[in-house]
Peer 1: 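A single structure is presented below for examination.
Each chain gets a letter, A, B and so on, in the order its sequence line appears, and its residues count up from 1. The basis for the numbers below is simple: all heavy atoms, side chains too, and nothing from hydrogens, waters or symmetry mates.
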Amino acid sequence: MIFLLRELLKLELSNAVERVVGQTYSFEVDIAPQGFGDFATNAALVGARYARKSPMQLAEQLREELKNSELFESIQIAKPGFINFVMKRSTLLRVLHRIIELDNYPVNKIGTGKIQFEYGSANPTGPFTVGHGRQLVIGDVLSNVFRELGYEVTREMYINDAGRQIKLLGRSLWVRYNQILGVKDIDIPEDGYHGQYLIDIAEKLADEQKDRYKEKWDDQVSQFFERYAVESILKDMKEDLMELGCSFDVYFSEKSLVSDGTVDQVLKILEQKGCTYWKDDALWFKVSEFVEEDDKVLIKKDGSLTYFLTDIAYHYNKYKRGFSKVYDIWGSDHHGHIPRMMAAMKALGIEDGFLNVILHQFVTLKRGEEIVRMSTRAGEFVTLQELREEVGVDATRYFFAMIDPNTHMIFDLDLAKERSSDNPVYYVQYAHARICSLFEQARHKSVLFEKGKDMELLSDKSELDLIKRIDAFEDALKDVARTLSPCKLTQYLEQLAYDFHSFYTKCLIVDQDNPRLSNARLNLSYATMVILRKGLALLGVSAPEKM
RNA sequence: GCGCCCGUAGCUCAAUAGGAUAGAGCAUCGGACUUCUAAUCCGAGGGUUGUGGGUUCGAUUCCCGCCGGGCGCACCA
C-alpha cells in the first residue's frame, strides 16, 4: 500500500495522464517552491508534445480530470504550465501515521539482485592517504544506501599484493633495515618508497631479526621482506578501516588470481577469441579492436604479468560470482584504464552495463595558504589517520560524503580543525540532540507522549513543511543511487534539520497547558528523529543524544 | 598534441532525467534567549552561472568553438 505522498500523487497523475493523453511518459513531482502550494509537477509541460496541445491547455484538462480526487484541497495552474497541488491535511498526515506505527521509515525495496562495490583498493605499500579516505567513505555510504534500497550488496577491497611495486617495497624496506644496522652507501631506489612508515617497520624488523639479513640479498630474502612489509602495512590499514567505521565483506588478493588459475583461464579465452598476439616477446591484447585506444601488454617480455591482465582476471572472477552489476570506485588518475577494461569485458562476452566505474576527483589539502603536495612514494602526504585524529570520525566521514565525487575537493585542514563546530555535521547532529532533549523535557514536565495520537492538530506551516520533508526521504536515497553521489543524502539531512530547527523555534513543543497539541508535536519530532537516525546511520555518522 | 573531469556569491560547495525567484554554510551587517539546548532561528547585502554561439515554450544543466585549471596518455599500479 502506498503512503508516501509523492508516490500517491504520481500514481493519480499517471492515471489522469493516460486518460487524457492516451499514453504515458515520465514527469516529475516535487515539493513546490514557496508560494506554489505543496507539490508541483511538470507533467503538462512535458506532455504537451505528446498531446499536441499547449502546456496550459493540457494542464487545464489534467486539473479537470483530478478534480474529484480525495487527495487535494485545491489544484492551481501556473504560467508556462506547471500544476500546483495543495494537499488535504489528512493526506499529509498519512505518512506521519505510518512512520509512527512502524517506528521506522519503510523504504520501498526497489533494488533487486546481487551487486558489488569495490573501493579502497590500494597497493599495500603505505598507509591510507586522505584521498583513500574520500574513496572509502563514498564506497561505504553508497553500499549502505543500495542495501537500504533492497540490493544484496558485497563490499570488497582488492589488495594489490603482486607485481613490481611490491618488489620495490620489499627492497625499500631492506634498505631501511640495513641503514638501521649502520650499513653505509646504500640507498632506496629512485622509484622506491621513501616514507617514514617504512623506517618504523624496519626498526621493528631489525629488533626481531637482528643482523640476520644484513647485506644479504637474494630471491628468498626479497620475498621475506616483501611479505613482512605487506603484512605490517595491511595490519595498519585494517586498523585504520575499523577506526573509520568501514568494514568489508571480502578482501580479495591479486596474487590469488594467479594461484587459482583464473589468469590462465582468462588468457585462454582471449587467445581462443583471437584477441591477443605476440610482439617483441610480449603478449598484447587487441584493445583497438573494441575501442579507439592503443593495444596493451598483458605479459611483459620478462614473463611477468601486467596489472591490466590481473585486473581483467579479477573482473572475470566477479562476473563468475554472479553479480548483476559491479561498481568500481577509482581515483580520477585511473580514468585511462576504463576504455581498455570495457574492451576486455566485451572480449570476454560480458554484457554492457556489468562494469560501472565511479571516478572521484582528487583531494587537495590546504594548510594555511599553502597547498600540500602529496605523493605516496616520496612519502609526502597526510595520512587518513592524521586527518581522522585531527577532525574526528564524524566530521571526516560527513565532509567526504557531502561533496560530489566528481568535484575536485579542497580540504582546509586549519578550517576543519579550528572551526570544527562550524561543520554541517554538527548542524544535523544538533537537531537529533535537540529532539532527544525534548523527550527528556516531556518526561520532566509530565507531558504525556502517546504515539500516533492528536496529529490532526498539526497545522502550522512549519509543521506541514517538516512533514513534506520527512516524506521525501526515500527520494533522497533514490537520488543517491541514481547519481551515485552520497552528497544527495547529506543535503537532504541538512534540509530536514533546517525544517526541524525552524519548527522548533516557531512552535512550543512541550507545553503543560496544552497536552494534546504537545503530543501532536512530540509525534512529529519523533518521526523526524527516526529519519535523522536512519540517515546518519547510512552515513556512518553518530547521532548523539546530548551535545 | 590526443583523451577524461571541472569552471556557479569573497571562501567551501549545492541545484534532481532541461523547469517557476540559481540555494546552503563560513565570512560581513542588523534583529531574537526570565519559557523545550542560541552548536539555533528571523532578516539584509553579495551572481551577466569562465566566455561566444546553437538547440526550445524554458539552459547552471544538452551540442559546438574559445579561455582557464586538475588528471591521464607505460612492458607502473
Peer 1: Could you check whether A/Asn42 gets within reach of a base, just the sugar-phosphate, or nothing at all, counting any heavy atom under 4.0 Å?
Peer 2: base
Peer 1: Mapping A/Glu545 and A/Pro55 to their closest nucleotides on RNA chain B, which lands nearer the 5' end?
Peer 2: A/Glu545
Peer 1: Taking the side chain of A/Tyr498 as its heavy atoms from C-beta onward, which of B/C75, B/C42, B/C36 lies nearest to it?
Peer 2: B/C42
Peer 1: Within the 4.0 Å heavy-atom criterion, would you say A/Gln512 contacts the bases, only the backbone, or no part of the nucleic acid?
Peer 2: nothing
Peer 1: Tell me what A/Ala32 touches on the nucleic acid: a base, only sugar-phosphate, or nothing, going by heavy atoms under 4.0 Å.
Peer 2: nothing
Peer 1: Verify the stacking flag for A/Tyr427 against B/A39: centroid separation must be under 5.5 angstrom and the ring planes must differ by under 30 degrees.
Peer 2: no
Peer 1: Among the candidates B/G19, B/A77, B/G72, find the nucleotide nearest to the side-chain atoms of A/Arg164.
Peer 2: B/A77
Peer 1: Given atom CG of A/Asp280 and atom P of B/A74, what is their separation to the nearest angstrom?
Peer 2: 15 Å
Peer 1: When you check the phosphate oxygens OP1 and OP2 of B/A74, does a side-chain N or O of A/Lys301 lie under 4.0 Å from one of them?
Peer 2: no
Peer 1: Contact class for A/Ser502 vs. all strands (heavy atom < 4.0 Å): base, sugar-phosphate, or nothing?
Peer 2: sugar-phosphate
Peer 1: Between atom NZ in A/Lys167 and atom P in B/A77, what is the gap in whole Å?
Peer 2: 12 Å
Peer 1: Using a 6.0 Å cut-off, check whether atom CG of A/Asp302 has over 12 heavy atoms from anything other than its own residue.
Peer 2: yes
Peer 1: Looking at A/Phe399 versus A/Phe411, is the centre-to-centre ring distance below 6.0 Å?
Peer 2: yes
Peer 1: Which is true for A/Thr483 with a 4.0 Å heavy-atom rule: it touches a base, it touches only sugar-phosphate, or it touches nothing?
Peer 2: sugar-phosphate
Peer 1: Output the pairing pattern of RNA chain B as a dot-bracket string, 5' first, Watson-Crick or G-U wobble with both distances under 3.5 Å, | for cross-strand pairs, [ ] for crossing pairs.
Peer 2: (((((((..((((.....[...)))).(((((.......))))).....(((((..]....))))))))))))....
Peer 1: If you compare every side-chain N and O of A/Arg434 against the phosphate oxygens of B/A38 (OP1, OP2), does one of them come in below 4.0 Å?
Peer 2: yes
Peer 1: In whole angstroms, how far is the P atom of B/G19 from the CD1 atom of A/Ile83?
Peer 2: 17 Å
Peer 1: If you only use heavy atoms from C-beta on, which nucleotide in B/A20, B/U35, B/A77 is closest to the side chain of A/Asn123?
Peer 2: B/A77
Peer 1: Quick one: which of B/C36, B/U40, B/C76 gets closest to the side chain of A/Thr505?
Peer 2: B/U40
Peer 1: I'd like to compare against my own output: the B/S/- annotation of nucleotides 10-15 of chain B with a strict under-4.0 Å heavy-atom distance to protein.
Peer 2: --SSSS
Peer 1: Of the options B/U16, B/A77, B/C75, whose atoms approach the side-chain atoms of A/Asp479 most closely?
Peer 2: B/U16
Peer 1: I'd like to check the side chain to side chain contact (heavy atoms under 4.5 Å, CB included) partners of A/Lys318; sequence neighbours left out, ordered by chain and number.
Peer 2: A/Gln116, A/Glu118, A/Tyr314, A/His315, A/Arg321, A/Phe323, A/Val326, A/Asp328, A/Phe354
Peer 1: Could you verify whether a donor N or O on one side chain and an acceptor N or O on the other, from A/Asp295 and A/Ser288, lie under 3.5 Å apart?
Peer 2: yes
Peer 1: Round to the nearest Å and state the distance from A/His335 atom NE2 to B/C5 atom P.
Peer 2: 8 Å
Peer 1: Nearest to the side chain of A/Tyr504, which nucleotide is it out of B/A38, B/C57, B/C76?
Peer 2: B/A38
Peer 1: Syn versus anti for B/C41, judged by chi lying within 90° of 0?
Peer 2: anti
Peer 1: What's A/Asn84 touching, base or sugar-phosphate or nothing? Going by heavy atoms closer than 4.0 Å.
Peer 2: base
Peer 1: With a non-hydrogen cut-off below 4.0 angstrom, is A/His444 in contact with a base, only sugar-phosphate, or nothing?
Peer 2: nothing
Peer 1: Heavy atoms only, 4.0 Å cut-off, all strands: where does A/Arg340 land among base, sugar-phosphate and nothing?
Peer 2: base
Peer 1: Could you walk me through whether A/Asn160 and A/Gln165 pass side chain to side chain donor-acceptor pair (under 3.5 Å), step by step?
Peer 2: CA-CA 9 Å; A/Asn160 306 127; A/Gln165 297 307 322; over 6 Å; no
Peer 1: Base, sugar-phosphate alone, or nothing: which one does A/Glu28 contact when heavy atoms must sit under 4.0 Å apart?
Peer 2: sugar-phosphate
Peer 1: Mind checking if A/Ala40 touches a base, just sugar-phosphate, or nothing, with heavy atoms under 4.0 Å?
Peer 2: base
Peer 1: Which of these nucleotides, B/A77, B/U40, B/C36, is closest to any side-chain atom of A/His334?
Peer 2: B/A77
Peer 1: Would you classify A/Cys507 as touching base, sugar-phosphate or nothing, given that sugar-phosphate means primed atoms plus P, OP1 and OP2, and contacts are heavy atoms under 4.0 Å?
Peer 2: base
Peer 1: Classify A/Lys296 by what it touches in the nucleic acid, base, sugar-phosphate, or nothing, heavy-atom distance under 4.0 Å.
Peer 2: sugar-phosphate
